[in-house]
Every structure is written in C-alpha cells, then in structure tokens.
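Contents: one structure, followed by commentary.
Just so you know, these numbers come straight off a predicted model, no measurement behind them. In listed order, ligands and their atoms are each counted from 1.
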Amino acid sequence: MVSALSIREIDVSRNILRAYMQKLEEVLDLDVAIVGAGPSGLTAAALIAEAGHRVAVFEKKLAPGGGIWGGGMKFNEVVVEEEALPLLDKFGIRHHDSDMAGSHLADSVELAAGLIFSALRAGARIMNCIHVEDIMVIDGRIAGLVINWTSVELTRLHVDPLTIAARHVIDGTGHDCSIARMAQDHGMALATPSGRIMGQGPMWAGPAEEMVVRNTMEIAPGLVVMGMAAAAALGSHRMGPVFGGMLLSGRKAAQLVINRLADPPHSSAAPGKP
Ligand code: 48H
C-alpha cells in the first residue's frame, strides 16, 4: 500500500514539470510534425514512429481522437472497409461483420483508444492542448510549426508563440485543412487543380474513400495533406462515418514522408508527385 505521508505535493508538481519539459524539448526538432490527432494523424504517427523516426502529433483538444469517438451522430460505431482491416488488426482493434459486402464495423471508442495507445507505444509523442497557429516557411519550404496553448487561443490573450522545427509537416486537421490554408494564406501555390484550396465536396461515400487516399499528397514543399484535410484541400467527397479511408490515408502519408526521409535534407521531389 502507498503511504499517504510519502507524497509531498510540490514533489508531484516538480516531477510533472520536469517530465513534461523533457517531452517538450524532445519534440522541438522533429523528422515529422503531424497536426491533428484524428484517425489519419494517429495512424500516420504510429507507422512513422515504428519506422524509427522522431514524430509528434500536436492536438488542440484535451482528448486525442478527433472525430472518431462520436461514430455516426453519436452512435458509437464506425464502418471500416476490408482493405483497412490489416491496420485494425495490427493495432489490436477488434471489428465485426456488417451486412454490407466488404465493410465491417468497429466500436468507435475502441478505435480511438487503440489508435492513441498504438501511436504512443510505437514511440510517437502526442502533445495535446496545443494549438498550431501558424507554420514556419524557410526558403519557400515549410520548415515547422508555430504553437501556443489552446487556452491562449480560446481566451485570445496576446501571448507570443513557440516554434517546432520539422523536416516534414503533415496536415491531419480534418475538414478545416488548417495547415494547407495557412500555406495558402502565406502565398504558397498548392498542388491542386486551381493552386488553391478546392473545398470539400458533398457526401458520396463510395468514390470518397478511394479519392481521399489518392488525394493524400505533398501539397506544398514540406507539407503533406491526409484524411479529411486532403478531401477538403483537393475538393473530394465526404463519406460520413466510414473510417477505412482515414486509416489508409494516414498510412499513405506515413509512406510518403518515410520515403522522403531517406533523401538528403531539403531535397524533396516536386509537390504533388507521390
Ligand atoms: C492543433 C488541430 C488544429 C490546429 C485541427 O477531424 P479529424 O478526426 O481528422 P481526420 O481527417 O483524421 O478524420 C476525419 C474523420 O474524423 C471525419 O471527420 C470524417 C471521416 N468525416 C466524414 C464526414 O463526412 O464528415 O481530427 C482532426 C484533429 C482534431 O482533433 C482537431 O482538434 C485537430 O485536428 N486540429 N490541432 N492545431 N490548428 N486544427
């Protein structure tokens, strides 16, 4: 049994501060910075960490998981296509049959918890309550993130941010595609048909799933888009609570940056070339 007297309150504070500072220092200079801890972000983080790279996910909310938890309209089940089942199996997330050919179901709480745990266990850092408010662009290439506490953003306090250096940034911010939007706002041409953010198309689940994976690409030098951020930036359809495409998009984003990390620093191929 733990003796209550053995715990000194300020020792608790000191130990938490030291451990957190160590984590924060570790993520200051990364191979890959992922913004958004949704299904695509967590999948990419797990696979990039597993490949031995320094990767962290920055999430503005308290709980990682993005749009997974709520399933469809808060009914906590999601649909996952057969093609993505190997990822569920790899992460130890159970699934069960549906009456739709080629599609299965998973408990959305188990999916969120399983992806979070797998990313952490693979060695990725998840930095929650941190809002990415801007990007660093050096010599025309995205070179990192500008971060602040979410509480600073919410209270609109005038507090200057800190920065994170990263060889590759992945936008996993969902429908907002916030990081691609920041690149556009800074005058960068995006690798989309218009050179600008196209906007998410209407619901059409079948094509949406294939398109979200196809649209997972380097959209500006140093920036890959994935998940709903890829759909929104490239103008493809939405799919509702069908999550296979999010996992497969996260896997493709991971593969893209893992391949690029094998190149010498700052020698990425032209954006848009998978
Ligand atoms: C820090 C940020 C910032 C920021 C946003 O929406 P997500 O779950 O993302 P995806 O693309 O992995 O998954 C999408 C899926 O959940 C979904 O919504 C689907 C399939 N919809 C289909 C449909 O038809 O509606 O997660 C994005 C995460 C969230 O947790 C945000 O809080 C976070 O990104 N985020 N974190 N700094 N600037 N912007």
**Study point:** A180 versus D171, closest heavy-atom pair with distance
**Key:** N-OD2, 2.8 Å
Check your understanding: At under 4.0 Å between heavy atoms, which part of D176 makes contact with ligand 1: side chain, backbone, both or neither?
Key -> neither
**Study point:** Under 4.0 Å to a heavy atom of F58 - the qualifying atoms of ligand 1, by number
**Key:** 1 (C), 36 (N)
Study note, to complete from the structure: shortest atom 9 (O) of ligand 1-to-protein heavy-atom contact is with G174 CA, 3.6 Å
Point to revise | Region of E133 engaging ligand 1 - heavy atom pairs below 4.0 Å | key: neither
Revision key, fill the gap. The closest protein heavy-atom partner of atom 26 (O) of ligand 1 is G38 CA, 3.5 Å
Practice item. Return yes or no for this condition: an N or O of G65 is under 3.5 Å from an N or O of ligand 1. Key: no
Point to revise | Nearest non-hydrogen partners of M203 and M239, listed with the distance | key: SD-C, 3.5 Å
Practice item. Considering the heavy atoms of M239, write down every atom of ligand 1 situated less than 4.0 Å from one of them. Key: 20 (C), 22 (C), 24 (O)
Review point. Does any N or O atom in G67 lie less than 3.5 angstrom from one in ligand 1, N or O only?
Key: yes
Check your understanding: What's the shortest distance from atom 37 (N) of ligand 1 to any protein heavy atom, and which residue and atom give it?
Key -> V132 N, 3.0 Å
Point to revise | Per atom 13 (O) of ligand 1, closest listed option by heavy atom (P39, G227, A205) | key: P39
Check your understanding: Considering distance alone, does some N or O of M226 sit under 3.5 Å from an N or O of ligand 1?
Key -> no
Exercise for review: Starting from atom 5 (C) of ligand 1, find the nearest protein heavy-atom neighbour and note its residue, name and distance.
Suggested key: T173 CB, 3.5 Å
Practice item. Decide whether an N or O pair under 3.5 Å exists between K60 and ligand 1. Key: yes
Revision key, fill the gap. For atom 11 (O) of ligand 1, the closest protein heavy atom turns out to be M228 N, 2.8 Å
Review point. Under 4.5 Å between side-chain heavy atoms, hopping through other hydrophobics if needed: is there a path connecting M136 to L30?
Key: no
Review point. How close do A106 and R94 get, heavy atom to heavy atom, and via which atoms?
Key: CB-O, 3.8 Å
Check your understanding: Relative to the ring of Y20, is the ring of W149 parallel (under 30°), tilted (30 to 60°) or perpendicular (over 60°)?
Key -> tilted
Check your understanding: Out of G245, S178, A229, who gets a non-hydrogen atom closest to atom 39 (N) of ligand 1?
Key -> S178
Check your understanding: Got an N/O contact under 3.5 Å between M246 and ligand 1?
Key -> no
Review point. Considering only heavy atoms, which of S40, A37, A231 lies nearest to atom 12 (O) of ligand 1?
Key: S40
